[in-house]
Asks: 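For reference, the structure I am asking about is given below.
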Amino acid sequence: MADFKKIADKWQEKWERAKIFKVTEKSDKKKFYVLEMFPYPSNRLHMGHLRNYSIGDCYARYKRMQGFNVLYPMGYDAFGLPAENAAIKHGIDPEKWTLTNMDTIRQQQKGMGFSYDWDREVASLHEDYYKWNQWIFLKFYEKGLAYKKKAAVNWCPSCSTVLANEQVVEGKCWRCQNDVTETFLEQWFFRITDYAEELLKDIEKLEHWPERVKTMQKNWIGKSYGVEIFFKIKETGQIIPTFTTRPDTIYSVTFIIIAPEHPLVLELVTGTKYEKATLETVKKIRQQTRQERTTAEGKDKIGCFLGKYAINPVNGEEVPVYVANFVLMDYGTGIVMADAHDQRDFEFAKKYGIHLKFVIRSENSNCIIVHGSPQDERTDEPEESERHWIPWIKNKLREIGIPAFYPQMPIPWAPVYEEWKKEFEKLDINENSILIGHSAGAAFLVRWLGEKQKKIKKLILVAPAKIPKNTNSRQKDLYDFEINKNLKNLIQQIVIFISNDEERHIEAAKNIYGKILDARIIELKNKGHFIFEDMNTNEFPELLDTVLEVGNEAFTENGILFDSGEFTGLNNLEAIEPISEWMEKNKYGKRTINFKLRDWLISRQRYWGTPIPIVYCDKCGILQVPYGELPVRLPKPEKCKFTGKGNPLETCNEFVNTKCPKCHNEAKRETDTMDTFVDSSWYFFRYCSNKFENAPFDKEKAEYWMPVDQYIGGIEHAILHLLYARFFTKALRDLRLATVDEPFSRLLTQGMVIKDGAKMSKSLGNVVDPEEISNKYGPDTARLFILFAALPEKELDWSDKGVNGSFRFLNRVYNLANENLHNISHKRYDEHKLNDQDKYVLSKMHITIKNVTQHIENFEFSLAIGKIMEYADVLQKYKEKNKEVFTESIKNLALMMLPFTPHLGEEIWHMIKCEGFASLEKWPSYDENKIDKKAEAIAELIQNTRKDIIEILRLGKIEKQKKITLFVADKWKYDFMDKLKDEINKSRNIMHITKSIMSTDLKIYGNELTKLIPKLVQDETKLPQFVLGQDAEFHAINDASKNYEDEFKCKVEVTIAENSNEAKAKQSMPFKVAILVE
RNA sequence: GCGGGGGUGUCAGAGCCUGGUCAAAUGAGCUAGCUUGAGGUGCUAGUCCCUUAGUGGGUACGCGUGUUCAAAUCACGUCCUCCGCACCA
């Protein structure tokens, strides 16, 4: 067995000595920039890193071999909390801690054989790097892109520093997962919002970015179009702007809500009787964690009335003003108009008893009211009496725009279901229909809906009738039917109204309808059977509420506007534009665009980061540190106190106390350091000229290398690093430093490495150390497995068995080369001396190169490796090798494997006496013409025949065979196959085909043909892909017979079926020789 | 709720865009034979079900329906599932 570790060491050393991966801009080749997200140097390399770099190195090596001038650098994101925490805990110097880790990781990376240009290494902790952070900060400051403001900010108590919005994930700190609280602090920000529009728009340019990353960024930027509507406070005359994206609901507004942080809140209540309650409520809200306040699950909506009213500009209505926790100060104007078409507003209104008003209904909604059977001899229709609830609700519905129908049923006195049914059929009942039935009408509706299985929106039963079983009356015929239980699945909502004073109906409503239909039951007082003489009032408003869904949920669907002034009757979505326009025209409001994106808070109250180059002077105010004095160096840790509380820099007088650059009096330095995401926002520029001294980077070199052609990293940075880096690139462009708009043209987000179904973590004890694997099997095995086990974007399930499989494959390939050193010849093979097998091997080689190239191009490494494995298998089975063909084949195998397993690739290259470094060789090219279908068909035939023999021996339990006879099919069968293939292309009609074939010489085999044709036409898979012909098959099988003799240790004879009397011979078919074992 | 993905053989995981060559790549697992001192390594074969001297047939790519001569692949519906965002007005 080969010592892969030793081989790896050997080649790594050679590569390093020859500096073969060093690149410069001086090249005729086209540039290609491959980059992996640089690591935070904590302790050691883990599997996630290994995967990241294996993917990148594979691609970089491939591109290099393809003839590109590949920039492939590595560096370290070396500032950050873990180092500082180590300082606090163990009193270690963060710098030493970090540098040690960097050394370890660099060693491990080198040990894996990654082809970085190490001369370009950058690390953010070096002052020649962070100096440029400061330099860029000052440039930003001068342009107004960096500014200081007092704001409510995210505070992580456990990291004891503030965080940017992007670094708060579900209310928790992205690094330590502890709850984030809110504080008011004066902090430094980058004005990323200036670029919101461009950051959003340019997502379109990111053609080769994963869709989900783009969506995440879009969501995060959160652009929305809306209208600021000006409400006026009735009592004070103040104008308050409210932001909405739904101006179509303006006529639904019944209250206004202000964010608790809004200064207006205090202004409105101070000195009034509402002051105390308001202050208490606001205090309560402020005690809530951000998580509690901003998650949908925290259903508790808290707020209170401020005692003031606002005037709706469009209709002059006065609506109450509230404060509530769910309204956010930093989105829109911090004030919202609230209505019945928003779930949150709705819930709030329900809780605080605020009046609601609907203005949108479903597009094709309608309401049908079915009356009951009037009592006794009564003939007057309820329609005649305005006192009755039926005409009342009908008119009410029409008033608010819901078409209502009140069909007259035949013979109301003695209803017959069959007759009523006919009437029901005539009605326009759809999925948005609301059906109201009273008494017998209710019963018949239920019966009918059950029969028809019709889907409707809502069914309201008013005092539904159903006669108990033992009643023996005329009514039994009317009401005795089975209630279809499936109705509850078809109908969105079923409500039953009953009265407390009509006992016989209570039973029917509750125990029969209510239970079977799983309906909501509303019990009213003293309404009798809901016929007018029983009712104290002429109507019951609860019914209208139920129809309109008040009391259940907000109506958030789209539909038709009603009660909306001149916009009544329009579709609400289509009305948004005209309403906005109308509002602007009448100065009710103005159209605005809002973003969710907030400015990037970059201040950190920690030691281990880039000091912000600002000085505070009592006289001169806030001043920049002059460029000439950069960098502002971090003081040595000994000079600071690391207590775990507060910013250690504040405890370093030497650092804090300085002179004002303007008046030279005593002044103090800013002690906040920068978010480490600042470091990583431009490091990819620094790689282009990592030692440049006059600017963050050499503009010309950056122009040559940028943008990064292929970036690879974890999905977790979808909206952190990747958004910041895009912002920086644009800002640097506007500073005329960079010339690109976007930093990364192509992005690959790798999946996680998991084991036993869970993310690798110390606490679960399922961590596999890459170095251990490398020590045991060599780095190539680790790399191969990690690329082979899953597609790069998917998660990778670590399996020790799988690793072993990869290791075995590498051994097989190594042995293949090692055992065939005598079969190496670098001469060009003679085209004319190739046998079928040689041609097959070459064909396989070309097709493999083609497939592997395509797969690598698509980042389908596992598939590429699969193809290589197949190919290696073919080479292994290559007997009686043509030395030249074999040499070329294995040479290309070595080259194709090189991006995946570079050490083995080099080793084989060297073993087979090839010159120079394989790493610098040209990627193999393929010739489509050399893909030889015939050679492949022959190889397949030989292989199939062999398997068939094995199968026969097994099934026949033959242990000692004396002789095997192979019959190649009769010539006419080949002719037939050819002809059939032609015919099938023309037509699939069996009659036609048969007729056509029977008209040829083949007709003498008619008997057999009539059996074969239908079978072969119906199942094309039985047809050989490629008809070789009798001669070719005979020669192929005859050549192979020697191998069969060796393998089966008996005589093997090959005959043509025509020349034999054996019955078996007849069974032979093209591509299927008949086999007789004796 | 909004947005993005998935559901394939014992398992992992391709195929689906561009329907047939798909009982479905590749690896793992399992079974048998050979190799070996050895069941640890390596090699060869088999591995959905029934049947058979290499054959033939059936079932299968979440479920249902449809389009088609033909569907894992296309359409519609449905169920389940993973991920991201989310009281953003």
Side-chain angles (χ1 to χ4, degrees), chain A residues 1 169-170 210-216 218-220 222 224 226 242-246 249 257 259 292-301 324-328 330-339 341-345 347-348 556 594-596 715 718-719 785 788-791 793-797 799-806 808-809 811-812 815 851 855 860 862-870 873 876-877 944-958 984 987-990 1015 1017-1021 1023-1026 1047 1064 1067 1072-1077:
Chain A
M1 209 181 292
V169 181
E170 288 175 18
E211 212 44 57
R212 59 175 181 149
V213 175
K214 291 198 273 186
T215 323
M216 281 162 83
K218 273 185 215 158
N219 289 344
W220 188 261
S224 54
T242 65
F243 176 76
T244 184
T245 53
R246 292 288 306 277
T249 61
I257 314 173
E292 275 171 326
R293 237 187 98 175
T294 58
T295 46
E297 280 92 59
K299 280 261 173 355
D300 274 345
K301 300 198 165 21
N325 59 343
F326 64 92
V327 173
L328 306 175
D330 56 7
Y331 185 78
T333 59
I335 308 172
V336 302
M337 55 182 225
D339 55 72
H341 296 285
D342 181 281
Q343 189 59 35
R344 296 151 299 167
D345 298 347
E347 282 169 25
F348 187 77
T556 53
N594 237 294
F595 290 95
K596 266 164 66 180
I715 185 82
I719 45 179
F785 171 72
F788 176 57
L791 291 173
E793 303 223 275
K794 308 230 168 148
E795 68 182 21
L796 185 152
D797 199 352
S799 129
D800 296 330
K801 292 267 171 64
V803 176
N804 198 45
S806 296
R808 275 168 43 197
F809 172 68
N811 271 302
R812 234 179 292 154
N815 292 337
N851 288 332
H855 285 313
E860 297 160 336
S862 50
L863 308 184
I865 295 166
K867 292 292 174 195
I868 292 176
M869 285 172 164
E870 257 180 90
D873 212 45
Q876 233 172 347
K877 289 181 177 142
N944 284 350
T945 306
R946 175 174 169 270
K947 285 192 179 181
D948 286 347
I949 298 172
I950 292 171
E951 188 67 7
I952 290 168
L953 295 178
R954 191 177 65 85
L955 278 170
K957 296 199 173 69
I958 303 168
I984 285 176
S987 148
R988 286 172 178 277
N989 185 306
I990 292 176
K1015 209 191 269 177
V1017 172
Q1018 269 165 28
D1019 189 352
E1020 262 183 81
T1021 62
L1023 271 173
Q1025 273 253 284
F1026 191 94
E1047 182 170 358
K1064 203 71 187 168
Q1067 288 180 15
K1072 186 111 207 139
V1073 299
I1075 300 163
L1076 180 68
V1077 181

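In what follows, chains are A, B, ... by sequence order, proteins preceding strands, each numbered from 1. Just so it is clear, the model here is predicted, and its values are computed rather than measured.
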Asks: Under 3.5 Å, side chain of A:N594 to main-chain N/O of A:S224, donor-acceptor pair present?
Replies: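 Checked: no pair found.
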Asks: NA contact type, A:S799, heavy-atom cut-off 4.0 Å: base, sugar-phosphate, or nothing?
Replies: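 The residue A:S799 makes no contact with any strand.
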Asks: Taking only the P atom of each, what is the distance from B:rA75 to B:rG7 in whole angstrom?
Replies: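 Between the two P atoms, the distance is 15 Å.
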Asks: Distance check, P atoms only: B:rC48 and B:rU55, in whole angstrom units.
Replies: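 So the two P atoms sit 15 Å from each other.
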Asks: Using the C1' atoms only, state how far B:rG20 lies from B:rU36, rounded to an integer number of Å.
Replies: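 Result for the C1' pair: 48 Å, nearest Å.
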Asks: Could you work out the separation of B:rU35 and B:rU41 based on their C1' atoms and round it to a whole Å?
Replies: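 Each nucleotide's C1' atom is 10 Å from the other's.
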Asks: Please say whether more than 12 non-hydrogen atoms of neighbouring residues, nucleotides or ligands are located less than 6.0 Å from CZ in A:R212.
Replies: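 Open.
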Asks: Between atom CD1 in A:I715 and atom C1' in B:rG84, what is the gap in whole Å?
Replies: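 Checked: the CD1 to C1' distance equals 8 Å.
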Asks: Identify the nucleotide, in any strand shown, that forms a Watson-Crick or G-U wobble pair with B:rC17, with both distances under 3.5 Å; if there is none, say none.
Replies: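 Partner of B:rC17: none found under 3.5 Å.
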Asks: Counting heavy atoms from C-beta on, name the nucleotide in B:rC87, B:rC83, B:rA89 closest to the side chain of A:D342.
Replies: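 Nucleotide nearest to A:D342's side chain: B:rA89.
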Asks: Please determine, for B:rG77, whether a Watson-Crick or G-U wobble partner exists with both distances under 3.5 Å, and give it or none.
Replies: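 B:rG77 is paired, partner B:rC63.
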Asks: Compare the minimum distances between each of B:rC83, B:rA89, B:rA53 and the side chain of A:T245, then state the nucleotide with the smallest one.
Replies: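 For the A:T245 side chain, the nearest candidate turns out to be B:rA89.
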Asks: Say we look at B:rU51 and B:rG58: how far apart would their P atoms be, to the nearest angstrom?
Replies: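 To the nearest whole Å, 16 Å.
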Asks: Taking any heavy-atom pair under 4.0 Å as a contact, classify A:K1064: base, sugar-phosphate, or nothing.
Replies: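 Base, at least one base heavy atom under 4.0 Å.
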Asks: For A:Q1067 and for A:S224, locate the closest nucleotide of RNA chain B by heavy-atom distance; then report the residue assigned to the nucleotide nearer the 5' terminus.
Replies: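 Looking at the nearest nucleotide for each, A:Q1067 comes out on the 5' side.
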Asks: In terms of the nearest nucleotide of RNA chain B, which residue is placed more toward the 5' end: A:I949 or A:I335?
Replies: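 It is A:I949 whose nearest nucleotide is closer to the 5' end.
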Asks: Could you work out, with ring pair (Phe, Tyr, Trp, His ring centres under 6.0 Å) as the rule, every residue matching A:F785, not counting sequence neighbours?
Replies: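 Once residues adjacent in sequence are excluded, the partners of A:F785 under the ring pair (Phe, Tyr, Trp, His ring centres under 6.0 Å) criterion are A:W798.
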Asks: To the nearest angstrom, how far is A:F243 atom CZ from B:rC88 atom C1'?
Replies: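 Checked: the CZ to C1' distance equals 9 Å.
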Asks: Check whether any side-chain N or O of A:K596 sits under 3.5 Å from a backbone N or O of A:Y331 as a donor-acceptor pair, and report yes or no.
Replies: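 No; zero donor-acceptor contacts below 3.5 Å.
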Asks: Looking at B:rA25, which nucleotide sits across from it as a Watson-Crick or G-U wobble partner, both distances under 3.5 angstrom, or is there none?
Replies: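 In the structure as shown, B:rA25 has no Watson-Crick or wobble partner.
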Asks: Could you tell me whether A:E347 and A:R344 make a salt bridge, using a distance below 4.0 angstrom between a side-chain N and a carboxylate O?
Replies: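 No salt bridge links A:E347 with A:R344.
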Asks: Checking A:R246 against A:D339 for the side-chain contact (heavy atoms from CB on, under 4.5 Å) test, could you report, in this order, the C-alpha distance in whole Å, the side-chain angles of both residues, the deciding distance, and whether it holds?
Replies: CA-CA 10 Å; A:R246 292 288 306 277; A:D339 55 72; 5.9 Å; no
Asks: Could you report the tightest heavy-atom contact between A:A324 and A:I257, atom names first, then the distance?
Replies: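 Shortest heavy-atom contact: CB-CG2, 3.3 Å.
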Asks: How is A:E870 classified with respect to the nucleic acid when contacts are heavy atoms under 4.0 Å: base, sugar-phosphate, or nothing?
Replies: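 Sugar-phosphate only.
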Asks: Please state how far atom CD1 in A:I868 lies from atom C1' in B:rU26, giving the value in whole angstrom units.
Replies: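 Spelled out: CD1 on A:I868 to C1' on B:rU26 is 12 Å.
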Asks: State the CD1-CG distance between A:I950 and A:L955, to the nearest 0.5 angstrom.
Replies: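 One finds 12.0 Å between CD1 of A:I950 and CG of A:L955.
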Asks: Can you tell me, in whole Å, how much space there is between the C1' of B:rA72 and that of B:rA60?
Replies: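 Approximately 10 Å lies between the C1' atom of B:rA72 and that of B:rA60.
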Asks: Measure from NZ or CZ of A:K301 to the centre of the six-membered ring of A:F326, then state whether that distance is under 6.0 Å and the direction lies within 45° of the axis.
Replies: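 Relative to the ring axis of A:F326, which defines the angle, A:K301 lies inside both limits.
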Asks: Classify A:G802 by what it touches in the nucleic acid, base, sugar-phosphate, or nothing, heavy-atom distance under 4.0 Å.
Replies: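 It contacts nothing in the nucleic acid.
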Asks: By the 4.0 Å heavy-atom rule, please label A:K596 as base, sugar-phosphate, or nothing.
Replies: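 Result for A:K596 = base.
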Asks: Calculate, to the nearest 0.5 Å, the distance between atoms CG and CD belonging to A:N944 and A:E951 respectively.
Replies: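 Reported to 0.5 Å precision, the distance equals 12.0 Å.
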Asks: Would you kindly give the CG-to-P distance between A:L955 and B:rU55, to the nearest whole Å?
Replies: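 So the two atoms are 9 Å apart, to the nearest Å.
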Asks: Rounding to a whole Å, what distance do you find between A:N219:CG and B:rG4:P?
Replies: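 Rounded to whole Å, this separation is 9 Å.
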Asks: If you look at every strand shown and take non-hydrogen atoms under 4.0 Å, does A:R246 touch a base, only sugar-phosphate, or nothing?
Replies: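 Counting heavy atoms under 4.0 Å across all strands, the contact made by A:R246 is with sugar-phosphate only.
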Asks: Counting Watson-Crick and G-U wobble pairs only, both distances under 3.5 Å, name the nucleotide matched with B:rC2, or none.
Replies: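 Partner of B:rC2: B:rG84.
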Asks: Identify whether any heavy atom of A:A718 sits under 4.0 Å from a base atom; if not, whether one sits that close to sugar-phosphate; answer base, sugar-phosphate or nothing.
Replies: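 No contact.
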Asks: Return a single string for nucleotides 43-51 of chain B, one symbol per nucleotide in 5' to 3' order, where B is base contact, S is sugar-phosphate-only contact and - is none, cutoff 4.0 angstrom on heavy atoms.
Replies: SSSS-----
Asks: Which nucleotide, in any strand shown, forms a Watson-Crick or G-U wobble pair with B:rG46, with both distances under 3.5 Å?
Replies: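 Partner of B:rG46: B:rC30.
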Asks: Grab the CD-C1' distance between A:E347 and B:rG1 for me, whole Å please.
Replies: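 Roughly 12 Å, once rounded to whole Å.
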Asks: Using both distances under 3.5 Å as the test, list the Watson-Crick or G-U wobble partner of B:rG37, or none.
Replies: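 The base-pairing partner of B:rG37, which may sit in any strand shown, does not exist here.
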Asks: How long is the line joining CG of A:D948 and C1' of B:rA53, in whole Å?
Replies: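 Distance, rounded to whole Å: 11 Å.
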Asks: Expressed as a whole number of Å, how far does the P atom of B:rA71 sit from that of B:rG66?
Replies: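 These two P atoms come out 12 Å apart once rounded.
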Asks: Between atom CD in A:E793 and atom P in B:rG5, what is the gap in whole Å?
Replies: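 Going from A:E793 (CD) to B:rG5 (P), I get 12 Å.
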Asks: How far, in whole Å, is B:rC80 from B:rA25 if one measures between their P atoms?
Replies: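 Each nucleotide's P atom is 32 Å from the other's.
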Asks: Atom pairs under 3.5 Å, N or O on each side, protein against nucleotides 9-19 of chain B: can you list them with distances?
Replies:
| unit_1 | atom_1 | unit_2 | atom_2 | d |
| --- | --- | --- | --- | --- |
| B:rA14 | OP1 | A:K794 | NZ | 2.9 |

Asks: Calculate, to the nearest 0.5 Å, the distance between atoms NZ and CG belonging to A:K1064 and A:L1076 respectively.
Replies: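 That separation rounds to 7.0 Å.
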Asks: Kindly indicate, with the supporting measurements, whether the criterion side-chain contact (heavy atoms from CB on, under 4.5 Å) is fulfilled by A:I1075 and A:V1077.
Replies: CA-CA 6 Å; A:I1075 300 163; A:V1077 181; 4.0 Å; yes
Asks: Strictly by Watson-Crick or wobble contacts shorter than 3.5 Å, is anything paired with B:rA71, and which nucleotide is it?
Replies: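 Pairing partner: none.
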Asks: To the side chain of A:Y331, which of B:rA89, B:rA86, B:rU26 is closest?
Replies: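 Of the candidates, B:rA89 comes closest.
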Asks: Can you measure from OG1 (A:T249) to NE2 (A:H341) and round to the nearest 0.5 angstrom?
Replies: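 Nearest 0.5 Å value for the OG1-NE2 distance: 7.0 Å.
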